[in-house]
*Asks:* 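Pasting in a structure now, in structure tokens, and then I'll have a few things to ask.
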Amino acid sequence: MTNPSSATPASPTGTGGGCPMGAGAGAVALGGPGFDTEPQELYRSMRREHGPVVPVELPGGVPAWLVIGYRELHQVTSDGELFPRDVSLWNQWGNIPADWPLLPMVGTPMPSIYFTAGAEHRRHADMVVPALEGADPFEIRQHCEQLADRLIDAVCSRGTADLVAEYAEPLPVLVLARLVGFPDDEGADIARVLKDLADGGPGAQKAHLRFGEHMQRLVADKRARPGDDVTSRMLAHPGPFTDEEYALDLMAITAAGHLTTADWISNSTRLMLTEDQFADALSGGRHSVAEAMNEVLWEDGPTQILAGRWAARDTRLGGRSITRGDMLLLGLGAANADPHIRQQVTASAVRSGQGGNSAHLAFSHGEYRCPFPAQEIAEIIARTGIEVLLDRLPDLELAVPATDLVRRPSAFLRGTTALPVRFTPVRTTGDAL
């Protein structure tokens with residue numbers, strides 16, 4: 001997550017941009033209701049018309065390539081020298097206004113684990129990854145159970161809830177806030193800040209400033225009073241880092257783990273509530289929550305498109321001529337549905353009760369993929385959150401027809417804006433039996 005008000009650098013390559021070679025009038029506009037409702041239909045159409053590498057047009061007429069082939073995406077993410085995550089290479093900087101709506105997602109060069117490449121990225125990863133690895137999985141689960149119970153207690157006596165706004169969205173950030181070292185009351189404010197950021201409305205820039213201020217105060221506090229938390233372990237790393245770098249890395253950890261994990265919870269719950277065959281298998285013991293979550297990563301992953309990689313030199317990919325400085329968007333959702341890979345991972349295999357296949361690209365791949373300890377933390381939060389929810393409210397059902405559920409209006413992120421449910425009212429955890 002970056003500051004939308006950051007100054008946009010001048011074109012580092014001096015090219016000024018223009019359409020990627022071969023894009024022309026056939027470029028696909030990356031937006032619109034099709035991405036919100038049935039993105040897989042759009043991906044199939046793109047694959048038929050353009051092949052595995054699709055010329056696309058972003059808001060403002062900005063050109064890019066969308067990689068939707070599994071093998072091609074694997075190639076891009078495996079070659080960090082040819083396709084680094086180095087936004088300074090972009091040949092479009094001369095055409096990007098400071099208020100471009102996707103700038104926070106694409107990023108600008110800054111000293112953060114998420115927006116650095118090569119040796120500098122590895123320097124940040126060498127500090128951040130061990131700090132995340134130091135989090136005890138049993139403690140993460142305990143935090144998640146406590147906070148999940150607290151959120152359910154707030155709604156359980158009334159018999160209705162919106163599982164997105166009142167559960168799936170706040171739970172991950174409350175857990176992450178504890179893990180990085182915030183007290184619970186400050187974690188609640190960070191949850192509000194990240195919701196404002198995710199909404200992308202007029203308050204987003206102020207929310208981003210508040211987010212940064214939270215992290216700067218946390219760094220100062222943990223420097224003075226270290227504890228058993230991610231921030232203190234980062235500060236204890238022997239490498240030389242500035243307070244700005246610590247704060248930016250903490251912002252990246254928290255922001256990257258927030259909405260994706262929230263959508264993983266809500267998408268998994270939605271699957272359980274809307275697919276009768278799957279719900280029957282789950283209730284009959286033939287399916288586990290973990291298998292439901294794995295299926296979501298194949299079929300309905302939270303991150304559909306990830307920005308981005310930039311070509312370090314002219315090259316060829318999927319039959320396309322890629323020019324130095326072109327941006328490649330990673331079509332994770334489309335690649336997971338590529339017929340070449342799905343011939344090996346069929347729906348019957350995923351539903352077989354054997355645990356499914358985890359060769360999906362939901363966490364990306366290669367040097368810049370989501371670090372394994374971050375994946376593990378997200379999986380613990382999502383799985384525990386769903387298990388506590390189903391245990392506390394076993395007769396959950398949708399309060400509206402499934403066709404009324406609305407997807408987030410984004411080509412990049414796949415989530416539900418609301419998940420209204422009803423259930424038999426139950427006691428809070430503090431009520432006497």
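Atoms considered below: every heavy atom in the structure, side chains included; atoms not considered: hydrogens, waters and symmetry mates.
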*Asks:* Apply the test side-chain contact (heavy atoms from CB on, under 4.5 Å) to residues H50 and I68: give CA-CA distance (whole Å), side-chain angles for both, the deciding distance (0.1 Å), then the verdict.
*Replies:* CA-CA 10 Å; H50 299 283; I68 63 173; over 6 Å; no

*Asks:* Could you tell me which non-hydrogen atom of A382 sits nearest to which non-hydrogen atom of M293, and how far apart they are?
*Replies:*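 Taking A382 first and M293 second, the nearest heavy atoms are CB-CE, 3.5 Å.
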
*Asks:* How many angstroms lie between OG1 in T315 and CG in L82, if you round to the nearest 0.5 Å?
*Replies:*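 If I round to the nearest 0.5 Å, the distance is 4.5 Å.
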
*Asks:* Please find the pair of heavy atoms, one from A64 and one from L58, that lie closest to each other, and give the distance.
*Replies:*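 So the minimum-distance heavy-atom pair works out to CB-CD1, 4.2 Å.
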
*Asks:* Give the C-alpha distance, both sets of side-chain angles, the deciding distance and a yes or no for side-chain contact (heavy atoms from CB on, under 4.5 Å) between F412 and L30.
*Replies:* CA-CA 9 Å; F412 290 78; L30 207 63; 4.0 Å; yes

*Asks:* Hey, what's the ring geometry for Y246 with F241, parallel, tilted or perpendicular (30° and 60° as the breaks)?
*Replies:*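 Answer is tilted, since the angle falls between 30° and 60°.
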
*Asks:* Identify the two heavy atoms, one from A307 and one from L329, that lie closest to each other, and give their separation to 0.1 Å.
*Replies:*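 Here A307 and L329 meet closest at CB-CD2, 3.7 Å.
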
*Asks:* For the side chain of R233 and the backbone of A131, is there at least one donor-acceptor N/O pair under 3.5 Å apart?
*Replies:*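 Checked: pair present.
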
*Asks:* Less than 4.5 Å apart, side chain to side chain, heavy atoms only: is that true for L259 and L413?
*Replies:*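 Counting from C-beta outward, L259 and L413 do come under 4.5 Å.
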
*Asks:* In Å, rounded to the nearest 0.5 Å, how long is the span from CE of M127 to CG of L235?
*Replies:*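 Those atoms lie 8.5 Å apart.
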
*Asks:* When you compare the side chain of E57 with that of P63, does any pair of heavy atoms fall below 4.5 Å?
*Replies:*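 No, too far: nothing below the 4.5 Å cut-off.
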
*Asks:* Is it true that R141 and E387 make a salt bridge, defined as a side-chain N closer than 4.0 Å to a carboxylate O?
*Replies:*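 Yes.
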
*Asks:* Any chance the side chains of T260 and D263 put a donor and an acceptor closer than 3.5 Å?
*Replies:*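 The criterion, which ignores hydrogens and geometry beyond distance, is not satisfied for D263 and T260.
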
*Asks:* Taking all non-hydrogen atoms of both residues into account, name the closest pair between V164 and P170 and its distance.
*Replies:*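 Looking at all heavy atoms of both residues, the closest pair is O-CD, 3.8 Å.
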
*Asks:* Going through the distances and angles, do E120 and R123 end up as a salt bridge (Lys or Arg N to Asp or Glu O under 4.0 Å)?
*Replies:* CA-CA 5 Å; E120 185 63 10; R123 185 175 76 92; 2.8 Å; yes

*Asks:* Applying the side chain to side chain contact (heavy atoms under 4.5 Å, CB included) test to W93, which of I96, N91, L89 qualifies?
*Replies:*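 That would be I96.
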
*Asks:* As an exercise, state the distance from CZ of R270 to CD of E275, rounded to the nearest 0.5 Å.
*Replies:*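 Those atoms lie 9.0 Å apart.
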
*Asks:* Just by distance, do the side chain of N267 and the backbone of R414 share a donor-acceptor pair under 3.5 Å?
*Replies:*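 Side chain of N267 to backbone of R414: a pair is present.
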
*Asks:* Check for a donor-acceptor pair, side chain of H237 on one end and backbone N or O of D126 on the other, with a separation under 3.5 Å.
*Replies:*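 Checking the backbone N and O of D126 against the side chain of H237, a donor-acceptor pair under 3.5 Å is found.
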
*Asks:* Checking W100 side chain against P59 main chain: does a donor-acceptor pair fall under 3.5 Å?
*Replies:*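 Confirmed, W100 side chain pairs with P59 backbone.
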
*Asks:* Validate the cation-pi geometry between R85 and Y114: distance from NZ or CZ to the six-membered ring centre under 6.0 Å, angle to the ring axis within 45°.
*Replies:*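 Checked: cation-pi criterion met.
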
*Asks:* From L171 CG over to R150 CZ, what is the distance, rounded to the nearest 0.5 angstrom?
*Replies:*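 L171 CG to R150 CZ: 11.0 Å, rounded to 0.5 Å.
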
*Asks:* Parallel under 30°, tilted from 30 to 60°, perpendicular over 60°: which one fits the rings of F211 and H208?
*Replies:*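 Ring orientation, 0 to 90° scale: perpendicular.
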
*Asks:* List the steps, then state whether side-chain contact (heavy atoms from CB on, under 4.5 Å) holds for I322 with L328.
*Replies:* CA-CA 9 Å; I322 309 297; L328 293 92; 4.3 Å; yes

*Asks:* What closest approach, in Å, do Q304 and A411 show between heavy atoms, and which atom pair accounts for it?
*Replies:*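 Residues Q304 and A411, closest heavy atoms: CB-O, 3.7 Å.
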
*Asks:* Walk me through whether D86 and R309 qualify under salt bridge (Lys or Arg N to Asp or Glu O under 4.0 Å).
*Replies:* CA-CA 7 Å; D86 185 355; R309 301 290 187 271; over 6 Å; no

*Asks:* Is the closest basic N to carboxylate O distance between R223 and D243 below 4.0 Å?
*Replies:*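 Answer for the salt bridge query: yes.
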
*Asks:* If you define the side chain from C-beta out and look only at heavy atoms, does anything of V388 sit under 4.5 Å from Y167?
*Replies:*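 V388 vs Y167: side chains touch.
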
*Asks:* Please confirm whether the backbone N or O of E245 pairs with a side-chain atom of T242, one donor and one acceptor, at under 3.5 Å?
*Replies:*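 Side chain of T242 to backbone of E245: a pair is present.
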
*Asks:* Pairing donors with acceptors under 3.5 angstrom, does anything connect the side chains of D326 and W65?
*Replies:*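 Per modelled atom types, D326 and W65 side chains form a pair under 3.5 Å.
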
*Asks:* Distance check, rounded to the nearest 0.5 Å: S112 atom OG versus H124 atom NE2?
*Replies:*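 Rounded to the nearest 0.5 Å, the OG-NE2 separation comes out at 7.0 Å.
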
*Asks:* Under a 3.5 Å distance rule, please check whether D229 uses its side chain to pair with a backbone N or O of L179 as donor and acceptor.
*Replies:*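 Between the backbone of L179 and the side chain of D229 there is no qualifying donor-acceptor contact (under 3.5 Å).
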
*Asks:* Are any non-hydrogen side-chain atoms of M215 and T254 less than 4.5 angstrom apart?
*Replies:*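 Yes, close enough: below the 4.5 Å cut-off.
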
*Asks:* Does the side chain of L163 come within less than 4.5 Å of L396's, by heavy atoms?
*Replies:*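 Of all side-chain heavy-atom pairs linking L163 with L396, at least one is under 4.5 Å.
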
*Asks:* Taking the side chain as every heavy atom from C-beta outward, state whether L218 and V180 have any pair of such atoms under 4.5 Å apart.
*Replies:*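 L218 vs V180: side chains touch.
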
*Asks:* Short question: side chain of R408, backbone of T416 - any donor-acceptor pair under 3.5 Å?
*Replies:*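 The answer is no, because no donor-acceptor pair under 3.5 Å joins these two groups.
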
*Asks:* For the side chain of S232 and the backbone of P226, is there at least one donor-acceptor N/O pair under 3.5 Å apart?
*Replies:*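 Side chain of S232 to backbone of P226, a donor-acceptor pair under 3.5 Å: no, none is there.
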
*Asks:* Do W264 side-chain atoms and P302 backbone N/O form a donor-acceptor pair below 3.5 Å?
*Replies:*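 No, W264 side chain to P302 backbone: no donor-acceptor pair under 3.5 Å.
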
*Asks:* Identify the heavy atoms of E169 and P172 that sit nearest to each other, and give their distance.
*Replies:*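 In terms of heavy atoms, the two residues are closest at O-CD, 3.5 Å.
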
*Asks:* Got a salt bridge between R44 and D338, using NZ or NE/NH1/NH2 to carboxylate O under 4.0 Å?
*Replies:*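 No, no charged N to carboxylate O under 4.0 Å.
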
*Asks:* Tell me whether R217 at atom CZ has more than 12 heavy atoms from other residues, nucleotides or ligands lying less than 6.0 Å away.
*Replies:*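 Above 12, so yes.
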
*Asks:* Do side-chain atoms of R47 reach the backbone of A334 as a donor and acceptor pair under 3.5 angstrom?
*Replies:*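 The answer is yes, because a donor-acceptor pair under 3.5 Å joins these two groups.
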
*Asks:* For R316 and S321, run side-chain hydrogen bond (donor to acceptor under 3.5 Å, both in side chains): C-alpha distance rounded to whole Å, both residues' side-chain angles, the deciding distance at 0.1 Å, then the answer.
*Replies:* CA-CA 5 Å; R316 296 277 297 176; S321 296; 2.6 Å; yes

*Asks:* I need the T77 OG1 to L306 CG distance, nearest 0.5 Å.
*Replies:*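 Result: 10.0 Å between the selected atoms.
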
*Asks:* Show your reasoning for whether side-chain contact (heavy atoms from CB on, under 4.5 Å) applies to Q92 and M327.
*Replies:* CA-CA 9 Å; Q92 292 297 310; M327 179 166 70; over 6 Å; no

*Asks:* Are the side chains of P111 and L248 in contact, using a 4.5 Å heavy-atom criterion?
*Replies:*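 The answer is yes, as the side chains (C-beta and beyond) meet within the 4.5 Å cut-off.
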
*Asks:* Would you indicate whether the side-chain heavy atoms of R178 and I140 approach each other to under 4.5 Å?
*Replies:*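 They are not in contact (no side-chain heavy atoms under 4.5 Å apart), so the answer is no.
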
